[in-house]
Amino acid sequence: MAAAPIPLERMRNLGIVAHIDAGKTTVSERILFYTGVESRMGEVHEGTATMDYMAEERARGITITAAATSVPWRGHEIHLIDTPGHVDFTVEVERCLRILDGAVLVLNGVAGVQAQSETVWRQMKRHGVRALAFVNQLDRPGADFLRCVGDLKKRLGLPAVPVQYPLVSGRERRALVDLVTRRAFEFHEEDQGRTPREIPVPAEVEDEVAVLRAELLDALAEESEPVLAAVLEEREPEPALLRAALRARVLSGTLVPVLGGAALRNLGIQPLLDAVVDYLPSPAEVGGVRGVHAHSGAVLERSPDPRGPACALCFKLVADANEDLLFARVYSGVLKPGMKLYNPRVKRMERIARVLRMHADQKSALGEAFPGEIVALTGCKFSVTGDTLCEHEEPILLERTVFPAPVLTRVIEPRSGADRDKLRAALERLAFEDPTFTVRQDEETGQWLVAGMGELHLEVKEHRLAQDFHLAVNSGQPRVAYREALVGSASGSGRVDRVLGGVHVFGAVELELGPPAPRSASEIASARTVIDWDERCAIPGDLRAAVAEGLRLEAEVGPRFGFPLDGVHIRLAGGESRPGLDSEPGFVQAASQALRSAFAAAEVALLEPLMDFEIGAPPEAMSAILGDLNAKQADIRELAAEGEWRIVTGSVPLFHVFGYATTLRSLSQGRASFALTPAGFRRVPEAELGARGLAWS
């Protein structure tokens with residue numbers, strides 16, 4: 001018998017997000033331990049973390065792929081996703097936040113808000129995800145809870161308000177004051193922090209606690225009349241009243257509670273779980289999801305009702321060793337093994353073989369999945385990240401996520417010619433699961449060009465070929481993923497009138513080229529060809545589809561250097577038809593001739609990826625770093641002081657920052673840190689083509 005669904009109001013869908021090395025996986029591991037899901041504490045530095053289950057993750061000590069699990073707390077069910085912090089894997093964060101209701105933004109207590117902290121916060125805002133902030137690693141020298149709160153307000157513009165005041169000093173002092181109840185708790189190492197013990201508020205922090213609590217009450221009184229009345233009447237508001245006011249503000253997105261602790265020292269995790277239950281929304285409070293009718297385009301809504309039509313969004317695909325796992329968030333209806341669902345994008349039915357609850361890489365079968373749940377499905381053959389699964393009679397398309405374009409390419413070939421077909425299949429599977437990893441075969445050399453979000457991204461894919469698919473490959477050095485773009489317009493014509501294979505074929509085409517419509521950098525995810533037809537065009541209607549397909553294939557590669565073409569607008573302006581002689585090969589060849597002649601007359605520019613950077617370093621190293629950045633043609637936007645640290649931000653062409661970690665270590669004696677984030681594309685000046693190793697053409 002299938003288990004009864006947990007009430008929606010007792011469910012939380014939670015993501016743990018942060019900059020790399022802020023300790024979010026350690027937070028996730030402590031959550032597993034204190035909720036009783038795991039009997040031991042996994043440690044990232046020991047390679048024993050449950051949520052970092054891939055061999056590559058354990059070897060590197062970083063999270064590469066998002067891992068899902070479910071934990072109980074205070075009669076609630078929390079569906080938890082631990083996400084990567086490295087910018088190369090930001091796609092994992094993006095597609096997870098698309099289906100989450102709430103998230104915990106983990107900060108490094110020493111560094112505060114970092115580059116990827118800003119990135120994930122923008123992603124959370126874009127998807128309407130409600131947030132808590134957790135300042136971690138407060139046991140480290142130089143950590144400052146209140147400075148991090150100020151960072152949240154200043155750098156992210158967050159309405160951040162502390163709801164705790166941590167009292168941490170290395171291994172000796174491990175306590176915190178709850179500003180809602182004005183009670184202090186100590187976490188003892190001998191019982192691994194399992195049972196926080198109440199202690200009096202230390203006298204030396206009473207004034208600070210009073211000030212912070214007054215600020216909390218003032219913030220809540222802005223939108224809560226009962227709290228305002230208590231403040232004006234100078235009476236102590238009940239904790240339940242403050243929690244209700246806090247919850248209302250979090251759900252409206254007008255306040256972010258800030259908590260603190262040290263996950264590695266087992267401090268602050270239980271209060272964080274309490275805050276998740278008390279302040280973050282349930283699927284019932286988030287409400288329905290909007291989409292469009294797959295055929296009519298009418299706006300539709302699916303409420304979290306198990307009696308409604310089935311609707312789920314596929315947000316992640318994993319090419320497992322034995323079977324593909326399709327992770328999905330159920331928005332409406334009930335999913336069951338054996339049922340058939342419709343994928344409107346490919347117009348195919350999918351049969352669900354199994355419905356699974358995931359615990360990292362461990363699976364347990366479910367008889368049913370209800371609205372609000374996050375599950376993995378097997379048996380789906382055509383669905384990928386961003387697809388909607390629904391009932392055929394009630395087709396709905398939910399909004400797909402737009403992913404950034406790859407910025408680095410690398411050449412890969414098998415060491416053994418016998419593995420060529422195996423490598424092709426493996427690369428296709430990796431590209432199938434990862435929207436930011438693309439594969440293209442060079443027809444002249446037979447090598448594969450793979451493209452990704454950074455050096456680490458491509459290294460991980462190469463290692464997966466060896467570990468998961470048992471393939472030995474040779475690879476070249478990473479290269480910038482250049483693109484070509486049309487500048488201005490051009491026209492061309494082509495004509496075929498000859499005997500081919502004993503058959504007279506004819507075709508005549510005239511066309512015009514131009515750049516595609518303006519779009520944002522995030523939308524340049526792949527080359528895009530738009531084709532339209534002038535009303536005067538004489539190409540027969542039954543041949544137009546073949547002509548258009550031939551032009552799209554021809555327009556994939558740029559005419560100047562052979563890099564992917566960044567979209568083109570092709571207008572079929574004219575041509576000639578001879579009934580009785582018109583043929584598909586004739587018009588396809590004529591269209592190809594016309595496109596090549598137009599390309600020859602067009603001005604074509606080279607585009608290169610830009611990267612936003614953030615570098616943190618001690619003051620004595622910053623002068624050398626700035627000099628090096630200027631030599632790399634970096635556009636420096638801001639230089640700021642953060643305590644005893646200097647932060648410089650700006651943008652720089654990717655070409656100039658290959659292997660920059662080694663350069664930065666040398667300039668700062670190993671003390672600086674940096675982060676790079678894709679920031680779109682820019683035109684390469686013609687005078688710089690030689691430096692890129694590209695000859696004029």
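Computed from a predicted structure; not experimentally measured. Throughout, numbering of the chain's residues begins at 1 and tracks the sequence.
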Query raised in the report: Does the distance from a Lys or Arg side-chain N to an Asp or Glu carboxylate O, for Glu686 and Arg560, drop under 4.0 Å?
Result: yes
Query raised in the report: Going through the distances and angles, do Thr401 and Glu94 end up as a side chain to side chain donor-acceptor pair (under 3.5 Å)?
Result: CA-CA 8 Å; Thr401 302; Glu94 183 78 36; 5.5 Å; no
Query - Arg571 side chain vs Gly514 backbone, donor-acceptor pair below 3.5 Å - result: no
Query - Row check, Phe437 ring normal vs Lys461 NZ/CZ: under 6.0 Å, within 45° - result: yes
Query raised in the report: Would you find more than 12 non-hydrogen atoms of other residues, nucleotides or ligands less than 6.0 Å from Glu399 atom CD?
Result: no
Query raised in the report: Cation-pi between Arg348 and Phe382: NZ/CZ under 6.0 Å from ring centre and within 45° of the ring axis?
Result: yes
Requested in this report: Flag the pair Arg683 / Leu606 as yes when at least one side-chain heavy-atom distance between them is below 4.5 Å, and no otherwise.
Outcome: no
**Report entry** Note: Glu92-Lys316 ion pair, threshold 4.0 Å (strictly below)
**Finding:** yes
Query raised in the report: With side chains defined as the heavy atoms from C-beta onward, is the minimum distance between Leu325 and Leu377 less than 4.5 Å?
Result: no
Query raised in the report: For Met358 and Ala376, which heavy atoms make the closest approach, and how far apart are they?
Result: CG-CB, 3.7 Å
**Report entry** Side-chain heavy-atom pair Leu511, Leu513 within 4.5 angstrom cut-off
**Finding:** yes
**Report entry** Thr378 vs Asp324 side-chain heavy atoms within contact, under 4.5 Å
**Finding:** no
Query raised in the report: What is the distance from atom CD1 of Ile81 to atom OG of Ser28, rounded to the nearest 0.5 Å?
Result: 10.5 Å
Query raised in the report: Are any side-chain N or O atoms of Glu556 and backbone N or O atoms of Leu565, one a donor and one an acceptor, separated by less than 3.5 Å?
Result: no
Query raised in the report: How far does CG of Leu471 sit from CG of Asp419, to the nearest 0.5 angstrom?
Result: 5.5 Å
Report task. Determine whether more than 12 heavy atoms belonging to other residues, nucleotides or ligands lie under 6.0 Å from atom NZ of Lys632. Result -> yes
**Report entry** Over all atoms of both residues, closest heavy-atom pair of Ala546 and Val588
**Finding:** O-CG2, 3.9 Å
Query raised in the report: Measuring from Leu313:CG to Arg400:CZ, what's the distance to the nearest 0.5 Å?
Result: 9.0 Å
Requested in this report: Would you check, one step at a time, whether the test side chain to side chain contact (heavy atoms under 4.5 Å, CB included) holds for Phe327 with Val318?
Outcome: CA-CA 8 Å; Phe327 286 75; Val318 175; 3.7 Å; yes
**Report entry** Glu608 bridged to Arg682 by N-O distance under 4.0 Å
**Finding:** yes
Query raised in the report: Looking only at heavy atoms, which two atoms of Ala353 and Gly379 are closest? And how far apart?
Result: CB-CA, 4.0 Å
Query raised in the report: Would you call the rings of His295 and Tyr342 parallel, tilted or perpendicular if under 30° counts as parallel and over 60° as perpendicular?
Result: tilted
Query raised in the report: Would Arg357 and Glu373 pass as an ion pair if we require N to O under 4.0 Å?
Result: yes
Query raised in the report: What heavy-atom pair brings Met453 and His457 nearest, and what distance separates the two atoms?
Result: N-ND1, 2.8 Å
Requested in this report: With side chain to side chain contact (heavy atoms under 4.5 Å, CB included) as the test, would you mind laying out the steps for Thr50 and Glu29 before giving the verdict?
Outcome: CA-CA 7 Å; Thr50 301; Glu29 293 297 316; 3.5 Å; yes
**Report entry** Within 45° cone and under 6.0 Å: Arg483 NZ/CZ vs Phe681 ring
**Finding:** yes
Query raised in the report: Do you know the tightest heavy-atom contact between Lys381 and Glu350?
Result: N-OE1, 2.8 Å
Report task. Determine yes or no for a side-chain-to-main-chain donor-acceptor pair under 3.5 angstrom, with Thr436 supplying the side chain and Gly452 the backbone. Result -> no
Query raised in the report: Shortest non-hydrogen contact from Cys390 to Pro395?
Result: SG-CA, 3.6 Å
Requested in this report: Any chance you could lay out the side chain to side chain contact (heavy atoms under 4.5 Å, CB included) test for Arg552 and Ile531, step after step, and finish with the verdict?
Outcome: CA-CA 8 Å; Arg552 286 192 179 92; Ile531 297 176; 3.9 Å; yes
Requested in this report: Determine whether Trp448 and Leu423 make a side-chain contact, defined as any pair of heavy atoms from C-beta on separated by less than 4.5 Å.
Outcome: yes
Report task. Check whether any side-chain N or O of Glu484 sits under 3.5 Å from a backbone N or O of Phe561 as a donor-acceptor pair, and report yes or no. Result -> yes
Query raised in the report: Just how far is it from atom SG of Cys96 to atom NE2 of His127, taken to the nearest 0.5 Å?
Result: 10.0 Å
Query raised in the report: Hey, are the side chains of Leu427 and Leu465 touching, using non-hydrogen atoms and a 4.5 Å cut-off?
Result: yes
Would you be so kind as to tabulate the donor-acceptor pairs closer than 3.5 Å made by side chains of residues 404-411, with sequence neighbours excluded?
unit_1 : atom_1 : unit_2 : atom_2 : d
Thr409 : OG1    : Arg479 : O      : 3.4
Arg410 : NE     : Gly476 : O      : 3.0
Arg410 : NH1    : Glu462 : OE1    : 3.3

Requested in this report: Examine the side chains of Asp468 and His463 and answer whether a donor and an acceptor come within less than 3.5 Å of each other.
Outcome: no
Query raised in the report: Just how far is it from atom CG of Leu654 to atom OH of Tyr482, taken to the nearest 0.5 Å?
Result: 8.5 Å
Query raised in the report: Side chains of Asn343 and Ser383: do they bring a donor and an acceptor to under 3.5 Å?
Result: yes
Requested in this report: With side chain to side chain contact (heavy atoms under 4.5 Å, CB included) as the test, would you mind laying out the steps for Thr385 and Phe315 before giving the verdict?
Outcome: CA-CA 5 Å; Thr385 298; Phe315 68 94; 5.6 Å; no
Query raised in the report: Can Asp612 and Ser651 be said to form a side chain to side chain donor-acceptor pair (under 3.5 Å), step by step?
Result: CA-CA 4 Å; Asp612 279 344; Ser651 61; 4.6 Å; no
Requested in this report: Determine, for Arg464 against Glu459, whether the closest basic-nitrogen to carboxylate-oxygen distance falls under 4.0 angstrom.
Outcome: no
Report task. For residues Asp387 and Leu398, determine if any side-chain heavy atom of one lies less than 4.5 Å from a side-chain heavy atom of the other. Result -> no
Report task. State whether a side-chain donor-acceptor pair under 3.5 Å links Gln589 with Arg495. Result -> no
Requested in this report: Indicate whether any N or O donor in one side chain lies under 3.5 Å from an N or O acceptor in the other, for Glu554 and Ser592.
Outcome: yes
Report summary line: The reported gap from CG in Asp21 to NZ in Lys24 (rounded to nearest 0.5 angstrom) is 8.0 Å
Report task. Determine whether Thr69 and Gln362 make a side-chain contact, defined as any pair of heavy atoms from C-beta on separated by less than 4.5 Å. Result -> no
